[in-house]
Amino acid sequence: MGGKSRGVTLTIFAILFALLALSNFIKPFSHDPGTTFIFLGSKMSGAANLILAWLFGTLLAAYAYGIWTMRKFALPIAYFYLPWVILNTILFGMKNRGGPQPSVAIAIGSIAIGIGVPLASLIILRRRRAELD
């Protein structure tokens with residue numbers, strides 16, 4: 001682990017990404033039709049939901065493991081994941097304007113957490129890249 005601790009913040013982020021990976025793995029098996037994987041702003045169903053949810057679940061599990069073990073491969077995943085989240089968020093908002101909308105506070109909070117956690121993890125990993133094995 002490079003001789004240094006990952007610290008509290010990266011530990012929390014690793015746990016959050018592991019939970020997000022778990023969430024993706026179980027989405028295809030939900031009985032709630034609203035619980036699906038979102039790909040490029042569109043809700044998936046059927047085989048596409050299963051394949052994409054598991055693909056991104058695997059990516060997030062690898063990311064969580066990379067953060068937890070302070071591995072270098074976590075940084076490229078961070079560079080991929082942040083723009084993906086931003087793109088997916090924008091496209092989802094554009095494609096789903098007619099549906100029910102959350103309150104402004106919930107929308108702002110969701111966006112802040114949804115983009116803030118990947119952004120903060122990228123910044124911290126980048127600053128600590130010399131410590132990554």
Using side chain to side chain contact (heavy atoms under 4.5 Å, CB included), reason through Leu75 and Leu122 one step at a time and then give a plain yes or no. CA-CA 7 Å; Leu75 196 53; Leu122 171 62; 3.9 Å; yes

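- A donor-acceptor contact shorter than 3.5 Å is absent between the side chain of Ser30 and the backbone of Lys27.
- Side-chain N or O atoms of Arg127 include none that pairs as donor or acceptor with a backbone N or O of Ile124 at under 3.5 Å.
- A distance of 11.0 Å separates NZ in Lys72 from CZ in Arg129, rounded to the nearest 0.5 Å.
- Ala21 and Gly57 make their closest contact through CB-O, 3.3 Å (heavy atoms, listed as atom of the first residue, atom of the second, distance).
- Side-chain heavy atoms closer than 4.5 Å link hydrophobic residues (I, L, V, M, F, W, Y) into clusters, and following such links, even through other members, never connects Leu55 to Ile26.
- Ile38 is listed as a side-chain neighbour of Thr36, based on a closest heavy-atom distance under 4.5 Å.
- Note on Phe73 and Leu82: same hydrophobic cluster, where clusters join Ile, Leu, Val, Met, Phe, Trp and Tyr whose side-chain heavy atoms are under 4.5 Å apart, directly or indirectly.
- Taking all atoms of both residues into account, the shortest heavy-atom contact from Val85 to Pro118 is CG2-CG, 4.3 Å.
- Within the model, atoms CG of Leu60 and CD1 of Ile67 stand 9.5 Å from one another, a figure rounded to the nearest 0.5 Å.
- With Pro28 as the fixed residue, the side chain to side chain contact (heavy atoms under 4.5 Å, CB included) test singles out one of Ile51, Leu50, Leu52: Leu50.
- Across every non-hydrogen atom of Ala78 and Pro83, the tightest pair is O-CD, 4.4 Å.
- Arg71 CZ to Asp133 CG: the interatomic distance, rounded to the nearest 0.5 Å, is 6.5 Å.
- Tracing side-chain contacts under 4.5 Å through hydrophobic residues (I, L, V, M, F, W, Y), one never reaches Phe92 starting from Ile90; they form parts of separate clusters.
- Around CZ of Phe25, the count of heavy atoms belonging to other residues, nucleotides or ligands within 6.0 Å exceeds 12.
- Note: Trp54 and Phe29 have perpendicular aromatic rings, judged against thresholds of 30 and 60 degrees for the angle between ring planes.
- Using a 3.5 Å distance cut-off with no hydrogens or angles, the side chains of Ser121 and Tyr63 do pair a donor with an acceptor.
- Note that CG of Asn24 and CZ of Phe56 are 8.5 Å apart. Values are rounded to the nearest 0.5 Å.
- In the hydrophobic clustering of ILVMFWY residues, with side-chain heavy atoms under 4.5 Å counting as a link, Leu20 and Ile111 come out together.
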Extract all donor-acceptor atom pairs below 3.5 Å that involve side chains of residues 8-19 and protein atoms in other chains or at least two apart in sequence.
unit_1: Thr11; atom_1: OG1; unit_2: Arg6; atom_2: NE; d: 2.9
unit_1: Thr11; atom_1: OG1; unit_2: Gly7; atom_2: O; d: 2.6

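- Distance check, rounded to the nearest 0.5 Å: CD of Glu131 to CG of Leu125 gives 10.0 Å.
- With hydrogens and angles ignored, the 3.5 Å screen pairs no side-chain donor or acceptor of Asn88 with any backbone N or O of Trp84.
- Interatomic distance, CZ of Phe37 versus CG of Asn49, reported as 8.5 Å (0.5 Å rounding).
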If you look only at distance, which donor and acceptor atoms sit under 3.5 Å apart when one is on a side chain in residues 39-47 and the other is two or more places apart or in another chain?
unit_1: Ser42; atom_1: OG; unit_2: Lys95; atom_2: NZ; d: 3.0

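- One hydrophobic cluster, built from ILVMFWY side chains closer than 4.5 Å, cannot hold both Ile108 and Ile113; they sit in different ones.
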